[in-house]
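Atoms within each ligand, like the ligands themselves, are counted from 1 in listed order. Below, all heavy atoms of this structure are taken into account, side chains as well, without hydrogens, waters or symmetry copies. Source: prediction; values computed, not measured.
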Amino acid sequence: MKKHNFNAGPSVLPRVAIENSAKAILDLNGIGMSLLEISHRSKDFQAILDETMSLFKEMLNIPSGYQVIFLGGGASLQFCMVPFNFLNHKAAYLETGVWAEKAIKEAKYFGEVEIIASSKDKNFNYIPKGFTIPSDVDYFHITTNNTIYGSELRYDMDSPVPLIADMSSDILSRPVDVSKYSLIYGGAQKNLGPAGVTFVIIKDGVLGKVDRKIPSMLNYATHLKDPSLYNTPPVFAIYTCLETLRWIKNLGGVKAVEANNIKKAKMLYDTIDNSKMFVGTVEKESRSRMNICFVMKEQYKGKEDAFMEFAKSKGMIGIKGHRSVGGFRASTYNALPLESVQALIDAMNEFEKNNL
Ligand SMILES: *Cc1c(COP(=O)(O)O)cnc(C)c1O
């Protein structure tokens, strides 16, 4: 049976990226060696790294004056690296979910943290509006897509202080005005590649403003000098990112990817909104295109497990909601085919018809 992969992360990747990565593991470009066996300082790997960085810049339309680097440690290490490198006295954070809370926790090791708005009062089911970014802080940190709760902040705001964003789960899903940001980071394993590599987009001239000493590996400056090659980078994960970026380019770029994402999300949200049985958990204007969260209405709550089983029997993978929301979460990342969304919709409609 065909599987429909709605996993939240690691998650579905373009089939062609997986196939080409598998080939490169067996024999990289016909050189008679595996991608896994070559030196990260060889010209073969340098070519991979250069193309990955430049395609990433091209696909995201990153202006000059920004560098892209690939690091280990996941987005979670960035929760600590960001304040280590940027927080002198005080930073501002937008509290929109568990990942934002984790970022806040790390920042508190380095200085004062001001939470300027939070949606915790309603279990993070909306993006706060109408907040003012203070001008006396070292930076303002946002999480653009809240993977667990299914809310998304989809506009690039003006900020009087350096704007820093965790874009782990919506990177390359829509065009971004990178010029508004001082730093953007994310784990690759939602929309870009396999687990094990983290992308960081960093604006020139934003470093060097903190007084503390920073250990080499945690200092962005170290990784910018010989980009992504201070120590051994995650070569395999980077290669798969390259294949994903090539896939995006072949599709027509991020604009084309976004059009698909809009279509997929609309299909599923329309189904939820027209359902007598299912209901979305996130306020409409804050809804994510990447993680679509829904539950059963109160009178049908008892049928959630049955639907889960039914959906499984139809090939749906990974639609169980995070324990802090319950119900269901369908992650509809870039590489998820439209047919998978349709299959989920068909399963929902069929189940509803038979169980109302
Ligand atoms: C998955 C995720 C993280 C954590 O990423 P790791 O690479 O596992 O550290 C952080 N932020 C967001 C928004 C995520 O979706």
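A search for side-chain contact (heavy atoms from CB on, under 4.5 Å) contacts involving Val16 returns Pro14, Asn20, Trp247, not counting sequence neighbours.
Residue Met217 belongs to a hydrophobic cluster whose other members are Tyr230, with links defined by side-chain heavy atoms closer than 4.5 Å. The hydrophobic cluster analysis finds Tyr126 isolated: no Ile, Leu, Val, Met, Phe, Trp or Tyr side chain comes under 4.5 Å of it, directly or through other members.
A donor-acceptor contact closer than 3.5 angstrom is absent between the side chains of Asn191 and Asp170.
Gln189 places no side-chain N or O within 3.5 Å of a backbone atom of Ser11 that could act as its donor or acceptor partner.
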Using a 3.5 Å cut-off on N/O to N/O, what pairs does ligand 1 make with the protein? A line per pair would be great.
unit_1	atom_1	unit_2	atom_2	d
ligand 1	7 (O)	Ala75	N	3.1
ligand 1	7 (O)	Gln189	NE2	2.9
ligand 1	8 (O)	Gln189	NE2	3.3
ligand 1	9 (O)	Ala75	N	3.2
ligand 1	9 (O)	Ser76	N	2.8
ligand 1	9 (O)	Ser76	OG	2.6
ligand 1	11 (N)	Asp166	OD2	2.6
ligand 1	15 (O)	Thr147	OG1	2.4
ligand 1	15 (O)	Lys190	NZ	2.7

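In this structure, Glu243 pairs ionically with Arg246, as a charged nitrogen and a carboxylate oxygen lie closer than 4.0 Å.
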